[in-house]
Amino acid sequence: MLVEKNVPLQPYNTFHIVAKAHALVRVQSDADVQTLVADPQLGPQPKFVLGGGSNIVLTGDVKPVVLKVEVMGLRLLQDTERAWIVEAGGGESWHELVRWTLEQGYPGLENMALIPGSVGAAPVQNIGAYGVELQDRFESLDAVDLQTGQVFTLDAAQCAFGYRDSIFKHTAAPADVASGRPAGLGLAGRALITRVRLRLPKPWKPVLGYLDLEKKMAESGITEPTAQQIFDWVCAIRRAKLPDPAVIGNAGSFFKNPTVTPEQCADIIAREPKIVHYHLDDGTVKLAAGWLIDACGWKGKSIGQAGVYEKQALVLVNRGGGETGEDGSGPKGATGGEVMTLAKAIQTSVYERFGILLEPEPVVV
Ligand code: EPU
């Protein structure tokens with residue numbers, strides 16, 4: 001097991017924030033994790049699992065041992081009358097997986113094209129876009145327990161998926177005997193996802209309800225698009241609206257879209273008739289956080305080198321390159337502190353105007 005010391009993490013986070021890992025171990029298999037867990041020195045230390053680094057804000061050097069997931073492999077596991085089941089290593093790029101499935105003739109992931117990040121990180125925040133979430137295509141995953149080294153498998157119910165949420169985002173709360181609260185389930189910091197299996201149902205049916213896709217259909221006159229056509233449309237929509245992390249550092253949507261009761265929504269509409277909102281099946285109403293931030297005048301604004309993207313106010317960006325100055329004088333790009341200061345200022349102004357507290361989506365490290 002090779003332990004790398006003082007490793008720059010800037011290439012490994014899509015915000016391109018400058019920070020270092022005190023110790024970094026590359027994980028290519030279950031056995032690599034087990035070796036680490038059994039190591040007398042590293043085993044007991046706190047650990048941080050790094051996937052594609054597309055949903056994190058680094059606010060300083062990372063002291064826990066960084067486990068960089070590099071478990072690779074893409075394969076078809078089953079081809080039945082009802083579905084294709086594919087398996088991907090946690091270290092694979094999510095977008096490459098989407099592209100590969102389409103090339104092989106297994107459609108179903110096209111609405112989630114171009115989402116940055118790794119396959120192993122996809123279940124953590126239940127990624128989703130244009131009407132499809134990971135949980136809609138999820139079969140199961142394998143993970144390794146970072147305390148015991150035990151390998152385990154979880155199905156969708158066990159992952160407890162929610163909107164940009166799963167069991168991997170929650171810490172296990174101990175039972176509270178006094179109040180009778182049972183022990184909370186949570187695997188945050190406890191597990192490293194090595195493989196994810198996806199179920200792509202047959203016959204393939206396009207998911208087209210999303211407004212941006214309907215616009216593409218109207219523009220092109222294509223009423224029965226293929227999966228490849230939807231893939232191309234989604235890529236075009238994302239490229240037009242969202243910054244490419246390879247060019248401008250960012251972590252996708254910085255806040256979740258908040259949900260409110262119909263009464264709260266009616267109250268806000270009375271004051272703000274133009275508010276963008278969607279009625280959900282459970283009776284609650286989802287508000288477009290991007291609209292709320294935009295309405296508060298944040299689009300294009302900055303604090304230090306951290307800014308609000310000009311074309312989509314829900315995305316915070318790093319306006320600097322993130323490189324260290326030529327004289328070694330420290331980072332030129334945004335620091336994690338600047339990003340969080342900007343995020344807090346946005347939260348405050350949205351709260352003051354709408355009475356809604358926006359919840360950040362990325363994990364702050
Ligand atoms: N809007 C504005 N101003 C803005 C941004 C948005 O008025 O600056 C309005 C738009 O006009 C639109 C509405 O807000 O009417 C929603 O915007 P959009 O369609 O861009 O989607 P979103 O709700 O902002 C969500 C996901 C994205 C996902 C898209 C498409 C969340 C937090 N974000 O964004 O996911 O790609 O829908 O499905 O749910 C991510 O999670 O990182 C991500 C990019």
Side-chain angles (χ1 to χ4, degrees), residues 27 29-34 36-37 46-52 54-56 67 69 71 73-78 80 82-92 94 97-98 101 106 108-109 111-112 115 117-129 131-176 180-201 256 259 280-282 359 361-363:
V27 168
S29 65
D30 298 9
D32 284 349
V33 187
Q34 285 158 341
L36 180 101
V37 169
K47 299 171 194 73
F48 174 72
V49 179
L50 180 65
S54 64
N55 207 40
I56 55 171
L67 307 189
V69 184
V71 181
L74 298 172
R75 62 182 177 141
L76 178 69
L77 271 191
Q78 277 181 55
T80 71
R82 298 172 67 179
W84 296 276
I85 312 280
V86 295
E87 184 182 80
E92 294 283 350
W94 171 264
L97 165 67
V98 176
T101 51
Y106 321 138
L109 299 179
N111 294 53
M112 292 186 283
I115 297 182
S118 63
V119 166
V124 175
Q125 56 150 344
N126 185 22
I127 58 169
V132 182
E133 286 185 320
L134 181 88
Q135 65 175 339
D136 303 323
R137 301 284 180 266
F138 184 83
E139 172 75 4
S140 60
L141 61 77
D142 298 334
V144 189
D145 187 310
L146 291 175
Q147 286 173 11
T148 62
Q150 206 177 342
V151 175
F152 60 95
T153 299
L154 298 184
D155 64 19
Q158 290 166 319
C159 288
F161 290 124
Y163 167 56
R164 297 292 190 276
D165 197 26
S166 76
I167 193 165
F168 300 101
K169 274 195 155 183
H170 295 265
T171 36
D176 184 49
R181 189 191 66 214
L185 287 177
L187 287 174
R190 264 301 292 265
L192 183 146
I193 298 169
T194 46
R195 280 171 299 275
V196 176
R197 285 172 289 276
L198 299 160
R199 168 179 291 268
L200 311 176
K256 293 184 187 181
T259 45
L280 302 182
D281 292 343
D282 65 2
E359 193 189 332
E361 203 195 79
V363 176

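Just so you know, these numbers use all the heavy atoms, side chains as well, and skip hydrogens, waters and symmetry mates.
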CA sep, side-chain torsions, deciding dist, call: Leu74, Val86, side-chain contact (heavy atoms from CB on, under 4.5 Å): CA-CA 7 Å; Leu74 298 172; Val86 295; over 6 Å; no
Apply the test side-chain contact (heavy atoms from CB on, under 4.5 Å) to residues Glu133 and Tyr163: give CA-CA distance (whole Å), side-chain angles for both, the deciding distance (0.1 Å), then the verdict. CA-CA 9 Å; Glu133 286 185 320; Tyr163 167 56; 4.0 Å; yes
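Within the 3.5 Å criterion, the main-chain N or O of Met112 finds a donor-acceptor partner in the side chain of Trp94. Here the side chain of Glu92 pairs a donor or acceptor atom with the backbone of Gly73 at under 3.5 angstrom. When atom types are taken as modelled, the side chain of Asn126 and the backbone of Gly162 share a donor-acceptor pair closer than 3.5 angstrom. No donor-acceptor distance shorter than 3.5 angstrom exists from the side chain of Ser140 to the backbone of Asp155, with no hydrogens or angles considered. In this structure, the side chain of Lys47 does not engage the main chain of Val37 through any donor-acceptor pair within 3.5 Å. With Ser166 contributing its side chain and Val124 its backbone, the two residues share a donor-acceptor pair below 3.5 Å. Under the 3.5 Å distance criterion, the side-chain polar atoms of Asn111 are left unmatched by any main-chain donor or acceptor of Gly131. Judged by distance alone, the side chain of Gln34 and the main-chain N or O of Gly149 form a donor-acceptor pair under 3.5 Å.
Ionic pairing of Glu361 and Lys256 is not present here: no N-O contact between side-chain nitrogen and carboxylate oxygen is shorter than 4.0 angstrom.
Note on ring orientation: taking the six-membered ring where Trp is involved, the planes of Trp84 and Tyr106 are tilted (angle from 30° to 60°).
Side-chain contact between Val69 and Leu192 is present, with at least one heavy-atom pair separated by less than 4.5 Å. Under the 4.5 Å side-chain criterion, counting only non-hydrogen atoms from C-beta, Leu146 is in contact with Val49. A heavy-atom distance below 4.5 Å is found between the side chains of Asn55 and Pro362.
How far CD of Gln150 is from CG of Asp30: 12.0 Å, rounded to the nearest 0.5 Å. To the nearest 0.5 Å, atom OG1 of residue Thr153 and atom CD of residue Glu139 are 11.0 Å apart. The CZ atom of Arg199 lies 11.0 Å from the CG atom of Leu77; values are rounded to the nearest 0.5 Å.
Checking Val144, Leu50, Leu36 one by one against Leu67, the side-chain contact (heavy atoms from CB on, under 4.5 Å) holds for a single residue, Leu36.
When the shell of 6.0 Å around CG of Asp281 is examined, it contains 12 or fewer heavy atoms from other residues, nucleotides or ligands.
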